[in-house]
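Everything numeric here is computed off the predicted structure, so don't read it as measured data. Positions are given from 1 along the sequence.
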Amino acid sequence: MVVRRGKNCGMLKPFAYGENSVGDARDRLQSLGREERLVEVSPGLYFVALDEMEVPAALQEEGWFGESLQAFYQESVLSEDTVAFIRADAIRIPYLYLNPNDYIYRFRAERERNRKVYQFDDSSVALYHSALCDAIKAVKRAKERSATSPARLDFGATEFLLPSHFGFCLGVQNAIERAYETLAANPGKRVFMLSELIHNPFVNNDLQARGLKYLQSDKGIPLIEEASGKAYWDSLSDEDIVIIPAFGARDEDKLRLIERGLPIRQYDATCMLVEKVWKAARRYGEQGYTIVIHGKAEHEETKATFSNSAKYAPSVVIRDMKEAANLSAVIKAETEEEKQCLFEPFRSLASVGFDPVKDLDRLALINQTTLLRNETLKIIAHFEETLTSVYGEAEITDHLAMSSKGDTLCYATQVNQDALAKALDEDIDAAIVVGGKNSSNTFQLYRLCRERFGKRAFYIQSEANILSRSEIEHFIFPYDPNDPKQGIMEPRPFLPAKDRIKVLVTGGASCPDGILQQIICRINGFFPKESIRSVEEVLQEVGKED
């Protein structure tokens, strides 16, 4: 906020305010040779974003200086109503010059990738690098969006199947590289991540080892600075840097950063496919649809999507087909009283002022990008059937946004699922899915394996969970609130006592390649050395079966 002290009262006064403020501000910018333009964000309220958030020298000489909005609110001579007016749109400031088709952080082309960040030290190389995975990707990924047959790694006593697509997606690669680059470019500064960069503890731990700090947990709980005993949020200043993770962030959190004077646009690592969902929500909202979000309400991405969606339309979150059916019961209810009663379980999942009587007649469905495509499509089909039964087939296109049939699904999540599906027909001894304990897309991969292989499917975080040839620690993902075991690691029987075994291995979108290779090496270590071929021999054969 560009301000200066009032001559009489000493209170902070804004750069331009009052009847002639717009013209005055334009004239001043032009006289300074500035190219930035004023943007009317709501009637009577204009913002302009100065390059690099710096106050021009000519203005500094006149006593103007930059101050955080938070300090301005506390000291300004403006009325509470005017301050509230500014606050309502302050979230727009960092993104002022983005048009509706722009993205905060587009995927980097291959030539723009910064692979040096993965080679910081030996532990980083071991975490991120895998000769086996590199070879598989080089042979199997003719197209980034198209799955092919799985790769076979024949070590002799062991054979491993790896889908053509697994591990880091482009959004995760973007976010990781931005985080490491930000740390390297700002020595001596405190660099925070709003919450976990991605849902992988090993990546997050590696970042912390290089100096990154976290403001809050993935559940939004403020983290405490050990030395002071105070929340990091309370000590933030415009000297700090906060990176927005790949899942995005709620407007409420972004606003807190903006009001403290922190630049966030250049450190916003929101995946553009997540942002694509936000754009769809805005488009549907402008067309008069209520937004139904298929997602987990407690997940950071769904929270961020809901925050964006609720600005443009009544919005509600549903978790699965069961909740879709419950919402359909509201739609079909014949009286207002019955609708209000049936909607009660959704109150905490809906936007402020949501009215089930009038807000459920026109629906558009968007989703958390990491969920199963088929489940999302089944939910859309279910709502189509419900709305058809209420309004008739001839009117269905007016009551359901038909273009919402899966157009907000992440293609990277989908291609990982498609690639895994091509390996599920194999007769295997174990299926291992690798990812963080709070990784939704990893859980969806595990669900596919569990449906096919039952208790031969395992969800683990790393090779450390493989206790022996006969025992493995399986993670019970916290999906079903009624499962008393959810969220725990449970020892389970692992490999059968056979001379030769076949194992399917895949990783979620936040799983580093190095962990997959370490799992393969761990399993190979259970067999006599003379029965296991070398990695070099196996690499020479990758792709030859095609």
Distance-only side-chain donor-acceptor flag, N200 / S439, under 3.5 Å: no

Donor on one side chain, acceptor on other, S79 and D81, under 3.5 Å: no

Side-chain ion pair, E36 and R34, N-O less than 4.0 Å: yes

Short N-O contact, K303 and E300, less than 4.0 angstrom: no

Salt-bridge contact D251-K254 (side-chain N to carboxylate O under 4.0 Å): no

Parallel, tilted or perpendicular, as decided by the 30° and 60° cut-offs, for the rings of F168 and Y128: tilted

Distance (rounded to the nearest 0.5 Å) between N205 CG and R210 CZ: 12.5 Å

Salt bridge flag under 4.0 Å for residues E177 and R108: yes

Student check: side-chain heavy atoms of Y105 and E275 closer than 4.5 Å: no

Side-chain touch N204/L212, heavy atoms, less than 4.5 angstrom: no

Polar side chain donor-acceptor pair, R178 to Q266, under 3.5 angstrom: no

Residues R28 and D24 bridged, charged N to O under 4.0 Å: no

Donor-acceptor side-chain pairing of T305 and W278 below 3.5 angstrom: yes

Spacing of CD belonging to E196 relative to CG belonging to L207, to within rounding of 0.5 Å: 11.0 Å

Pair E259 + R87, salt bridge at N-O below 4.0 Å: yes

Donor on one side chain, acceptor on other, T388 and E385, under 3.5 Å: no

Side-chain donor or acceptor of T335 paired with backbone N/O of E338 under 3.5 Å: yes

I'd like a table of donor-acceptor pairs (distance under 3.5 Å, sequence neighbours excluded) in which one partner is a side-chain atom from residues 187-195, with atom names and distances.
unit_1, atom_1, unit_2, atom_2, d
R190, NE, D240, OD1, 3.0
R190, NH1, S235, OG, 3.3
R190, NH2, S235, O, 3.1
R190, NH2, S235, OG, 3.2
R190, NH2, D240, OD2, 2.9

Heavy atoms of other groups near E80 CD, more than 12 under 6.0 Å: no

Donor-acceptor pair between Y289 and D359 side chains, under 3.5 angstrom: no

NZ/NE/NH1/NH2 to OD/OE distance under 4.0 Å, R260 and D238: no

Plane angle bin for F343 and F354 - parallel if under 30°, tilted between 30 and 60°, otherwise perpendicular: parallel

